Amino acid sequence: MVPDAQIVIYGQDRTLLNTRAWVLQNAGLKAGTATDLDEIKSLSTTRTVELLILCHTLTPPQLSGAIALSRSEKSDIRQLLLLSGPTTPMTETTYPTVNPLSGPSAFIDSVRALLTP
């Protein structure tokens with residue numbers, strides 16, 4: 001695992017975001033939350049963001065904007081998409097995914113796999 005890795009969970013539902021951050025923090029990972037792209041941009045200027053977790057609550061434009069930001073020439077942020085049933089705007093993707101209904105262990109394992117060099 002990358003030492004001192006920073007994880008940002010991006011979505012619309014603050015309760016879900018805080019719960020997911022809490023799960024990762026209790027697993028020994030450093031995680032924060034964001035509800036808009038400006039928050040992510042601000043966080044990425046003050047610390048190294050290694051992983052951007054994209055919540056299933058994002059709209060297609062929000063999802064596209066976050067992916068574009070993480071893929072920009074100044075950034076090499078990995079992404080993990082949380083897919084949850086038919087409400088997820090992107091169900092077929094080349095990005096790593098996990099269904100949050102699979103439970104905390106699957107979520108933590110997916111995050112750790114992406115942070116392993």
Side-chain angles (χ1 to χ4, degrees):
M1 183 178 310
V2 178
D4 299 318
Q6 295 293 320
I7 301 162
V8 176
I9 308 165
Y10 174 41
Q12 294 184 24
D13 185 318
R14 183 63 72 184
T15 302
L16 275 177
L17 299 177
N18 288 336
T19 301
R20 290 175 176 149
W22 178 83
V23 167
L24 295 177
Q25 290 163 357
N26 279 306
L29 300 166
K30 295 183 180 183
T33 64
T35 56
D36 63 56
L37 282 179
D38 288 336
E39 284 182 84
I40 297 169
K41 290 175 187 174
S42 176
L43 285 169
S44 64
T45 61
T46 60
R47 64 185 67 132
T48 300
V49 176
E50 297 286 339
L51 178 62
L52 180 59
I53 298 174
L54 303 167
C55 186
H56 70 282
T57 61
L58 294 171
T59 65
Q62 289 172 319
L63 188 59
S64 296
I67 290 171
L69 174 68
S70 66
R71 294 290 184 183
S72 72
E73 61 188 54
K74 297 179 183 177
S75 173
D76 191 23
I77 302 171
R78 297 175 199 125
Q79 307 87 21
L80 176 64
L81 301 179
L82 301 179
L83 301 180
S84 182
T87 60
T88 301
M90 180 188 286
T91 56
E92 291 184 23
T93 177
T94 59
Y95 299 104
T97 64
V98 66
N99 185 330
L101 300 177
S102 299
S105 294
F107 178 48
I108 293 165
D109 290 346
S110 296
V111 168
R112 284 190 170 139
L114 288 170
L115 294 176
T116 302

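Not measured: the values here are computed from a predicted model.
Q25 places a side-chain N or O within 3.5 Å of a backbone atom of A31 that can act as its donor or acceptor partner. Between the T57 side chain and the Q12 main chain, a donor and an acceptor come within less than 3.5 Å of each other.
The closest side-chain heavy-atom distance from I53 to L24 is below 4.5 Å. You'll find the side chain of E39 stays beyond 4.5 Å of the side chain of Y10, heavy atoms only. Between D13 and C55 the shortest side-chain heavy-atom distance does not fall below 4.5 Å. Between L81 and L63 there is a side-chain heavy-atom pair separated by less than 4.5 Å.
Shown here for L58 and G11, the closest heavy-atom pair between the two residues is CD2-CA, 3.6 Å. Closest non-hydrogen pair, L82 versus R20, comes out as CD1-NH1, 3.5 Å. Smallest separation of non-hydrogen atoms from A21 and I9: N-CD1, 3.4 Å. Residues T33 and L17 approach most closely at CG2-O, 3.4 Å, considering heavy atoms. The shortest non-hydrogen separation linking R78 to L115 is NH1-CA, 3.8 Å. Pairing each heavy atom of P100 with each of H56, the nearest pair is CG-ND1, 4.3 Å.
Under the 4.5 Å side-chain heavy-atom criterion for ILVMFWY residues, no single connected hydrophobic cluster contains both L80 and L16.
One finds the OG1 atom of T19 at 11.5 Å from the CZ atom of R14 (value rounded to the nearest 0.5 Å). Atom-to-atom distance recorded for I77:CD1 and L52:CG is 6.0 Å, nearest 0.5 angstrom. Between the CG atom of L83 and the CG atom of L54 there is a distance of 10.0 Å, given to the nearest 0.5 Å.
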